[in-house]
**Q** 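Supplied in structure tokens, the structure appears directly below.
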Amino acid sequence: MMGNNAVAQTGAEVSRPRIWAIGGGKGGVGKSFISSSMGQALAKAGKRVVVVDLDLGGANLHTSLGIRGTEFTLSDYLNGKVTDINRVAGVTDIDRLRLISGASDTLNIANIKYFQKAKLLRNLAHLDTDYVILDLGAGTSFNTLDFFIHADHGLVSVTPDPGSVENTYRFLKCVFIRQLRAVPEQTREMIQQVLMHRRKGGRKAGSLADFLEDITRQKPSVAASIRQELDTLKLHIIVNQVMEPEDTELGRSIQMVCSRYFGTKIGYLGFLHHDRMVLKSLQQRRPFLSTFPQSRLAIHIDTLVASLMAQDDD
Amino acid sequence: MTDFPDMPKGRFVVDVAQQDYYQVLRLSPAASKLDVINAYRRAKLAFRADSLAVYSLYGKDDLEKIRKQIDQAYAVLSDHEQRQVYDVKRGFVAPRCDNDGKIEAETVQDDVTDIGAADGSAGDNVVDLRTKQHLRCDPDPELERRIKAADAYPGDFLREVRESRGVSLRDIAAFTRISIGYLQAIEAEDAACLPAVAYLKGYLAQYAAEIGLEPHRVVQGYPPLAD
Ligand SMILES: Nc1ncnc2c1ncn2[C@@H]1O[C@H](COP(=O)(O)OP(=O)(O)OP(=O)(O)O)[C@@H](O)[C@H]1O
Ligand SMILES: [Mg+2]
């Protein structure tokens, strides 16, 4: 399905778009940069893409794409002013790439109503496109987590500093707990206790992996359903803003630590270098990837996108 | 839920899940020698005391325990004989020799892959050529015996071990980031090209780990370092 323009056929035979969400607990780790760059890379690869700015309240994805705004915004859709979700996806300067802007004076991701969230979640699949990319705001509000969990792939951006790593683990813990909302309440509470209570005086609340091991012996059926829920999440780490050679190992280390601590598999997609030209392109209001397509950073982004696309194909 | 009472803090400090050596290194039982070495290096890197990746999850004592497990797992899995005994004990492979009647066949499972499926991080999105190679060269028993007995590790012996394991200098250089020139100098014992002693020890140890030798023994037994 390779439509040349954004207007394409609708119909039952049209397969639903793949949804990728970019999250991560901390602000400024590159979620918006990665969302917009991956969107450009997909468009360059011939796919139709809609990037959605879900950082309501702090929306700036249009800036990363080098445009001022779009005719309609997400709030027009959520408030019912525009009824067709495809109409709020505005064109950008890049072929095949459209944007649903989150710019709004009143909306905040934490305070959109349940029915609004449900409507949006349901209708993302009706976007007439090949890929949808969700740029999530910082933090771990329920709404943010729900969009993240809803996606086919959840990408977590982390930068090589302790604060970002800590936030990443906190974000992942919240994702797991949210994902496990269907397990029996008492078990879920125990998991929450295991994951959330802080280490005090050198004492450690054991890992989720150990808890799962324990519960497997005591309640095998509960354990099986927990594992199944966790396994449906397709999570990937991206290390962004790499400057030192040793930081290139951080992603694999995090992957190893996650495997041991959470007892569930997390993918490592790759790392992205810090590149001064990102700021330059922002200042010139030009999207980085299409302005510097030959740069090391752009090529790495192309590679990440290609490897994630390959995972969807099989 | 009476059979599942309130859990006191610290109840799971004992890592019950981590008793399996393959699990500890996040490997499948089919892992090659080189996979074992790579996984060991990665694990040591991930869980070292100043690792950024453990921040906020593990404390100093936990890390020390984990590193001990990693070392222990590596000691067994990197030693051909110990690994074989361990594999049979765990039921990963059938005992090789029929004349060894003590090893019971009842624990043996045919299906190695379903154990491998539990492996967490080794299966990757990013293609890692090194781990895809599966260079499990047939060990040369004579050489293994000489390695066991060795207390000196001259350069030509190191090269012999490396070549028998099917590891190229280029592989080692790519992974350790030690220049090929230094690696060649190590094998040639070329004093003119070797780095300063402090660096040499570090390089030698990394090189040794890459070819599955005990780093500290190699450093001790490398002739140019003997006074
Ligand atoms: N690899 C990179 N090299 C150079 N600059 C980068 C890189 N990645 C991101 N940046 C810059 O870092 C800043 C923060 O990035 P970005 O706005 O994408 O983060 P964010 O996670 O979306 O933040 P927020 O949580 O506030 O939405 C931006 O100015 C962006 O251009
Ligand atoms: Mg942002």
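Letters A, B, ... are given to chains in the order of the sequence lines, protein chains preceding strands, and every chain is numbered from 1.
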**Q** With a 4.5 angstrom heavy-atom cut-off, which part of A:Lys234 approaches chain B: side chain, backbone, both or neither?
**A** neither
**Q** Could you tell me which residues in residues 48-55 of chain B have at least one non-hydrogen atom under 4.5 Å from a non-hydrogen atom of chain A, sorted by residue number?
**A** B:Leu52, B:Ala53, B:Val54, B:Tyr55
**Q** Return yes when atom CD of A:Glu246 has more than 12 non-hydrogen atoms of other residues, nucleotides or ligands closer than 6.0 Å, and no otherwise.
**A** yes
**Q** Let me confirm one number: the CZ-CD distance from B:Arg41 to A:Glu249, rounded to the nearest 0.5 Å.
**A** 7.0 Å
**Q** Sort A:Pro245 into side chain, backbone, both or neither according to what part of it lies under 4.5 angstrom from a heavy atom of chain B.
**A** neither
**Q** Checking A:Asp247 against chain B: side chain, backbone, both or neither under 4.5 Å from a heavy atom?
**A** neither
**Q** My understanding is that only residues two or more places apart in sequence, or in another chain, count here; which of them pass side chain to side chain contact (heavy atoms under 4.5 Å, CB included) with B:Asp190?
**A** B:Ala185, B:Ala188, B:Ala192, B:Cys193
**Q** Would you confirm whether B:Arg26, through its side chain, and A:Ser259, through its main-chain N or O, come within 3.5 Å as a donor-acceptor pair?
**A** yes
**Q** Counting neighbours of CD on B:Glu81 that are heavy atoms of other residues, nucleotides or ligands and sit closer than 6.0 Å, is the number greater than 12?
**A** no
**Q** Are the side chains of B:Ile66 and A:Arg260 in touch, meaning some heavy atoms are under 4.5 Å apart?
**A** yes
**Q** Rounded to the nearest 0.5 Å, how far apart are CE of A:Met256 and CZ of B:Arg42?
**A** 8.0 Å
**Q** Counting only heavy atoms not in B:Lys44 (residues, nucleotides, ligands), do more than 12 fall under 6.0 Å from its NZ?
**A** yes
